[in-house]
Amino acid sequence: MSDDSKISSVTPVTSKNVEQSKVYQVASPCRSIRSRTGAGEVHYIDAAKSVTDNQLLAEIGYKPELRRQFSTIQVFGVAFSIMGLLPSIASVMGGGLTGGPATLVWGWFIAGFFILLVGLTMAENASAIPTAGGLYYWTYHYAPEDYKSVISFVIGCSNSLALAGGVCSVTYGFAVEVLAAVVISRDGDYEITNGKTYGIFAAAVVSMALMTCMASGAIARLQTFSIICNLFIIVLLFIALPIGSKVNRGGFNDGKFIFGTYENFSDWNNGWQFCLAGFMPAVWTIGAFDSCVHQSEEAKDAKKSVPLGIIGSITVCWILGFLIVIVLMACMNSDVETVLDNQYGSVLAQIIYDALGKKWAITFMSLIAFCQYLMGTSLVVAISRQVWAFSRDDGLPFSKYIKIVNKKYSVPFVAVFASCAGSLLLGLLCLDSLAAAALFTIAVAGNYLAWSTPTFLRLTYGRDLFRPGPFNLGKTWSPIISWVSIVYQAFIIILVMFPANRHGITSVNMNYSCVICGGVWIISWVYYMAYKRKYYHGPKSNLTDDEYIEAVGEDVIDAILSKPDKAVQIIYTP
């Protein structure tokens, strides 16, 4: 069928679902399909049948602006680097130990299993529609017709907030580790203040922004380097810490202590404290795997490499992290309260100091801080791509500037600095040590809402639109795993809003996550209804019809026109 015959054979029909416009059935080079289960009109996307990355990106609606420099291992490296096992565990294991060794060990294992289910569901979504916008795009694709734009906008804001919170929490952890090394080197004769912590935090964020402005090829190679560094310090820990514990402490804690000792250092009941203390280390550490999604437009063979990066990073971190936690519990001082109440501001620093002494403790904390810095740099890469993609669809203030991509280096410089500016503002929470704890839970709550929403909508309003990519869980397991992951994520969102203690809650020691996350969700909704709905209408294509036809090819056009799905009405809106 020629293009002329397709155009000349159009037959206009009316539709109540398209605002005062004519709808043309299967008649011209079309891009769109209409859901019969409530999701309205969306792009026709079939990843399983696409031949090239650019063809699939055109079906999604965009022209390529970033260079595809990331191999599968480098896509994996982005998420693995951000998770940064040992640095992340150093940042959060103090909270896990408030339930005792058994809480930290088994909480990690249980939470890690459910996080893998979340990752499997996200991998399925990413394989079907691999785009840098990811979560907010999928939300728009599957959301009910009358609420597509507003829900997509809120999820885009939530994901952006979560990634900014991730940058803050990682960099705050870096600042704490640097200061811990200083305290150890001065034998405790150094005062850690909130001002000093924020100073190191701010300097690190600015330098991360400069590093992220490297050409995309250099950023891709940085992920490989980060993988090597993270694995090196893990291997070093596995070798040095047990030897030091045997020599300097006379042996190890037994299995009963590691796997069976529960101590509740809060006033919550034992069951809830197990969830609060046990789940959060894994939930925060094995997070940000959506960073693979945000690299979709820089990844080679994205519909396969992105799912592999998501699943691979979660699986490796779940298993390796479980082993690291066991080793730490075996080598630590059995007086948990003494370990928690240490002068270095870091539980891991105390464990290493007890087993290996001052010089090794300084060395380890310095190496961990360096890897944590690499974590932050990779996270800035991820948030800058999310911010760039959201701005490409006019989702943020000053979008026309933020979405500019430097053609020489293929890097969105303005998006990088805009992301880091937002992180610096959010990082002002560092000036209050209790409020700083919210940096960790903001990242979790914002991400879990953004991760679960498109999957929920895919299973409900947009169930007839889903076309699996190369990675899919099948008709039986896909809905089962997806629903379990949704319930789990809803539980975690509620969990992270709770304060560390049940009684005596004041404005000073409350959990600020419920204020910040809830405020952003509500304000973004109100902001959209009052103003942004004039400008943000969901993902918008930057391809002309001619560019679209050239990118997808005649075979795709013919397939769309001649073999429409039974569940949808294929349309074209001029």
Side-chain angles (χ1 to χ4, degrees), residues 33 35 37-43 45 47 56 59-62 115 117-163 287-297 302-303 306-307 310-311 382 385-386 389-390 393 395 444-469 471-473 478-490 492-493 521 524-525 528 536-539:
I33 56 176
S35 166
T37 55
E41 180 186 353
V42 296
H43 283 287
I45 303 169
L56 179 54
E59 291 182 31
I60 293 170
Y62 303 117
I115 293 168
L117 299 187
V118 175
L120 288 169
T121 302
M122 184 183 293
E124 194 173 37
N125 292 335
S127 185
I129 309 178
T131 177
L135 293 310
Y136 79 85
Y137 187 104
W138 304 338
T139 297
Y140 182 90
H141 193 78
Y142 300 119
E145 183 172 17
D146 293 337
Y147 302 97
K148 278 184 173 298
S149 296
V150 64
I151 299 175
S152 172
F153 181 76
V154 172
I155 293 303
C157 292
S158 182
N159 193 208
S160 301
L161 169 71
L163 290 168
F289 42 85
D290 64 314
S291 57
C292 298
V293 175
H294 301 306
Q295 297 305 125
S296 292
E297 294 178 41
K303 62 185 179 182
V306 172
I310 294 170
I311 298 168
R385 274 38 174 189
Q386 157 64 17
F390 201 29
D393 294 317
V444 173
N447 268 332
Y448 273 47
L449 180 72
W451 297 349
S452 59
T453 299
T455 301
F456 171 78
L457 294 172
R458 192 195 85 196
L459 294 170
T460 53
Y461 294 97
R463 60 185 179 275
D464 63 335
L465 295 175
F466 178 62
R467 289 181 179 81
F471 176 83
N472 79 91
L473 301 169
S478 178
I480 294 174
I481 292 175
S482 297
W483 279 116
V484 171
S485 74
I486 289 169
V487 172
Y488 163 75
Q489 288 174 93
I492 294 298
I493 291 172
W521 297 334
S524 59
W525 186 292
Y528 173 86
Y536 180 76
H537 307 290

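Keep in mind that the numbers below use all heavy atoms, side chains included, and drop hydrogens, waters and symmetry copies. All of these numbers come straight from a predicted model, not from anything done at the bench. Residue numbers start at 1 and run along the sequence shown.
- Pairing each heavy atom of I486 with each of S452, the nearest pair is CG1-O, 4.3 Å.
- No more than 12 heavy atoms of other residues, nucleotides or ligands shown are found within 6.0 angstrom of OH on Y461.
- Heavy atoms only, all atoms of each residue included: G134 and V293 are closest at CA-CG1, 3.5 Å.
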Original post:
Can R458 and E124 be said to form a salt bridge (charged side-chain N to carboxylate O under 4.0 Å, His left out), step by step?
Top reply: CA-CA 11 Å; R458 192 195 85 196; E124 194 173 37; 3.2 Å; yes
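- With a 4.5 Å cut-off on side-chain heavy atoms, S485 and Q489 count as touching.
- Note that the CD1 atom of I45 and the CG atom of L465 stand 9.5 Å from one another [nearest 0.5 Å].
- In summary, the aromatic rings of Y448 and W451 are positioned with their centroids under 6.0 Å apart.
- The two residues L449 and S158 have their closest heavy-atom pair at CD2-OG, 3.9 Å.
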Subject >> Derivation of the side chain to side chain contact (heavy atoms under 4.5 Å, CB included) call for T131 and Y136 >> reply: CA-CA 10 Å; T131 177; Y136 79 85; over 6 Å; no
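- One distance of note links CD1 of I310 with CG of L120; it measures 9.5 Å at 0.5 Å rounding.
- Scanning both residues, G538 and S149, for their nearest heavy atoms gives N-OG, 3.8 Å.
- Side-chain atoms of Y137 and N125 include no donor-acceptor pair closer than 3.5 Å.
- Between E59 and H43, the closest side-chain pair of non-hydrogen atoms is not below 4.5 Å.
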Subject >> Intermediate values then yes/no, side chain to side chain contact (heavy atoms under 4.5 Å, CB included), Y488 and L117 >> reply: CA-CA 9 Å; Y488 163 75; L117 299 187; over 6 Å; no
Original post:
Between F456 and W483, is a side chain to side chain contact (heavy atoms under 4.5 Å, CB included) present by the stated rule, with each step listed?
Top reply: CA-CA 8 Å; F456 171 78; W483 279 116; 3.8 Å; yes
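- Put simply, the side chain of H141 reaches to within 4.5 Å of the side chain of I129, judged on heavy atoms.
- E297 places a side-chain N or O within donor-acceptor distance of the main-chain N or O of A132, the cut-off being under 3.5 Å.
- Ring pair Y536/F390: centre-to-centre distance below 6.0 Å.
- Side-chain contact between Y142 and F466 is present, with heavy atoms from C-beta onward closer than 4.5 Å.
- Judged by distance alone, with hydrogens and angles left aside, the side-chain atoms of T453 form no donor-acceptor pair with the main-chain N or O of A450 at under 3.5 Å.
- At a threshold of 4.5 Å between non-hydrogen side-chain atoms, the residues Y62 and P539 count as touching.
- In terms of modelled atom types and a separation under 3.5 Å, the side chain of K303 and the main chain of P130 share no donor-acceptor contact.
- Panel note: side chain T139, backbone L135; a donor-acceptor pair is recorded below 3.5 Å.
- Between the side chain of R463 and the backbone N or O of T460, at least one donor-acceptor pair lies under 3.5 Å.
- Contact of the T455 side chain with the W138 side chain is not registered, since no non-hydrogen atoms from C-beta on lie closer than 4.5 Å.
- Here the closest heavy-atom approach between residue I115 and residue F289 is recorded as CG2-CE2, 3.7 Å.
- Under the 4.5 Å side-chain criterion, counting only non-hydrogen atoms from C-beta, Y140 is not in contact with I151.
- Closest approach of I311 and G119 over heavy atoms only: CG1-O, 4.4 Å.
- The CD atom of Q386 sits 11.5 Å away from atom CD of Q295, with the distance rounded to the nearest 0.5 Å.
- A donor and an acceptor atom, one from each side chain of N159 and H294, are located under 3.5 Å apart.
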